[in-house]
Amino acid sequence: LLLGDLADTLAASDITFGNLEGSFLDDGEPIKNCRDTTKCYLFRMPERYINALAVSGFDIISLANNHFSDFGIAGRNRTMKLLDSLDINYGGLLEYPFSIFRRDSLLYGFCAFAPNAGTVSIIELAQAEEIVRLLADTCDIVIVSFHGGAEGADYQHVPKTEEMFYTENRGDVYNFAHRMIDSGADVIFGHGPHVTRAVEVYRERFIGYSLGNFCTYGRFNLSGPNGIAPVIRLNVDTTGKFISGRIIPVFQTYNGVRVDQEKRVIRKIQDLTVTDFPDAVIKISDSGEITYK
């Protein structure tokens, strides 16, 4: 019900990626105390909800974010065990930084980064480059995920400098993305700001700087830019070069995510991309098609 008719859309792709902002755990205690529940959040999902990922065809999941470890080692280990049982690949943790897997004739590498404890750092660029180079030397296509950038409606633009949020360094996502592609990455998906940001093609490789909120539940702020997001379908060649893409616009209600007939996020990405990357080599049509100019 939460994913609605988007489950079939997601499952139709050769490779489907998502960021899992929380753990699957039926019983357990959090590792932090939330005194003010208007500012502090603890994310945990019933273990049976793992089936939503399976039905939707997810192939790779980022665990590198600031909420995956809210319920400590128990939540981390149980979630990884459930993902393993469904053959869903993941990465981003210090103990499990990347995955290598085969689909059809291609070998894929996946890694993920964040500024948070227990995750592979988005700040330590030399370490990140080493992981990406390792995957690039081994795999046909390398997919990189990052959780970075400041959060909220005031941070929809890519500032091309380090971003601080609540005294935490959230990384320079522009420099990070470019350096990862220079090191051999082919596709980069960003998340973290909880709003949508611009997209870019750099050296024939696609970067989505933030894919916003996709499927949340409960009392989150889903107003304005917080409630709209893209599902981005990419076409790349067998070496990872960008061919074309399509933005499927979605919006959230408190009962799940749905296709947005008003196509609000397409207009949002059009505006942000023109503003933040005026020399971009791509264009975005009103129907959401992403092509070279």
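Counting only distance, with no hydrogens or angles, the side chain of Asn213 and the backbone of Asn226 share a donor-acceptor pair below 3.5 Å. A donor-acceptor pair is defined here as one N or O able to donate and one able to accept, closer than 3.5 Å; no such pair exists between the side chain of Tyr209 and the backbone of His157. A donor-acceptor contact shorter than 3.5 Å links the side chain of Asn51 to the backbone of Arg48. Looking only at distances, no side-chain donor or acceptor of Thr275 sits under 3.5 Å from a matching main-chain atom of Leu272. Remark: the backbone N or O of Gly171 is paired with a side-chain donor or acceptor of Asn169 at under 3.5 angstrom. Of the possible donor and acceptor atoms, one in the side chain of Gln156 sits under 3.5 Å from a partner among the backbone N and O of Ala153. Side-chain atoms of Asp260 do not come within 3.5 Å of backbone N or O of Val250 as any donor-acceptor pair. A donor-acceptor pair under 3.5 Å links the side-chain atoms of Ser121 to the main chain of Ile123, judged by distance alone. Looking only at distances, a side-chain donor or acceptor of Thr16 sits under 3.5 Å from a matching main-chain atom of Leu10. Between the side chain of Ser13 and the backbone N or O of Ile15 there is no donor-acceptor pair closer than 3.5 Å.
One finds a salt bridge joining Glu95 and Arg76 here, because a Lys/Arg side-chain nitrogen approaches an Asp/Glu carboxylate oxygen to under 4.0 Å. Between Arg170 and Glu151, at least one side-chain nitrogen of the basic residue sits less than 4.0 Å from a carboxylate oxygen of the acidic one, meeting the salt-bridge criterion. Between Arg103 and Asp59, at least one side-chain N (NZ, or NE/NH1/NH2) sits under 4.0 Å from a carboxylate O, which counts as a salt bridge. Note on Asp237 versus Lys241: no salt bridge recorded, every NZ/NE/NH1/NH2 to OD/OE distance being 4.0 Å or above.
Residue Val120 comes nearest to Ala112 through the heavy atom pair CB-O, 3.7 Å, listed as atom of the first residue, atom of the second, then distance. Scanning all heavy atoms of the two residues, the minimum distance from Thr253 to Leu222 falls at O-CD1, 3.8 Å. Contact record, Thr196 with Ala229: OG1-CA, 3.7 Å, taken as the closest heavy-atom pair. Shown here for Ala52 and Leu3, the closest heavy-atom pair between the two residues is O-CD1, 4.0 Å. Residues Ala54 and Ile88 share a closest heavy-atom pair of N-CD1, 4.5 Å.
Under the side-chain contact (heavy atoms from CB on, under 4.5 Å) test applied with Leu107, the options Leu135, Ile141, Asp140 reduce to a single match, Asp140.
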Exercise for review: Tell me, with the steps shown, if Tyr202 and Asp182 meet side chain to side chain donor-acceptor pair (under 3.5 Å).
Suggested key: CA-CA 9 Å; Tyr202 167 69; Asp182 291 342; 2.7 Å; yes
Practice item. Check the pair Tyr90, Asp84 against side chain to side chain donor-acceptor pair (under 3.5 Å), reporting the backbone distance first and the verdict last. Key: CA-CA 9 Å; Tyr90 51 87; Asp84 287 339; 3.0 Å; yes
Practice item. Walk me through it: do Arg197 and Glu163 pass the test salt bridge (Lys or Arg N to Asp or Glu O under 4.0 Å)? Key: CA-CA 14 Å; Arg197 285 185 169 185; Glu163 297 182 67; 2.7 Å; yes
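Classified by interplanar angle (parallel below 30°, tilted 30° to 60°, perpendicular above 60°), the ring pair His67/Phe43 is tilted. The aromatic rings of His147 and His194 lie perpendicular to each other, with more than 60° between the two planes, well past the 30° mark. Note: Phe110 and Phe17 have tilted aromatic rings, judged against thresholds of 30 and 60 degrees for the angle between ring planes. Relative orientation of the Phe176 and Phe146 rings is perpendicular, given thresholds of 30° and 60° on the angle between their planes.
Within a 6.0 Å radius of CG in Asp26, more than 12 heavy atoms belonging to other residues, nucleotides or ligands are found. Within 6.0 Å of the CG atom in Asp87, the count of heavy atoms belonging to other residues, nucleotides or ligands does not exceed 12. For Glu168, the CD atom is densely surrounded, since the number of other residues' heavy atoms within 6.0 Å is greater than 12. For Lys160, the NZ atom sits in a packed shell: over 12 heavy atoms of surrounding residues, nucleotides or ligands are nearer than 6.0 Å. Sparse packing is recorded around OH of Tyr49, with 12 or fewer heavy atoms of other residues, nucleotides or ligands lying under 6.0 Å away.
Side chains of Thr273 and Glu200: a donor-acceptor N/O pair is absent below 3.5 angstrom, by distance only. A side-chain donor-acceptor contact under 3.5 Å links Asn65 and Asn19. In this model, no donor atom of one side chain and acceptor atom of the other lie less than 3.5 Å apart for Asp276 and Tyr174. Side-chain atoms of His191 and Ser145 include a donor-acceptor pair closer than 3.5 Å. Inspection of the Asp286 and Gln270 side chains reveals an N or O donor paired with an N or O acceptor under 3.5 Å. In the model, Ser244 has a side-chain atom that pairs as donor or acceptor with a side-chain atom of Asn235 under 3.5 Å.
Under a cutoff of 6.0 Å and an axis angle of 45°, Arg44 and Phe71 form a cation-pi pair.
Ile290 and Ile228 fall within the same hydrophobic cluster, where Ile, Leu, Val, Met, Phe, Trp and Tyr residues are linked whenever their side-chain heavy atoms come under 4.5 Å apart, directly or through other members. In this structure, Leu125 is a member of the same hydrophobic cluster as Ile207, with clusters built from ILVMFWY side-chain heavy atoms closer than 4.5 Å.
Looking at heavy atoms from C-beta onward, Val257 lies out of side-chain contact with Val231 at the 4.5 angstrom threshold.
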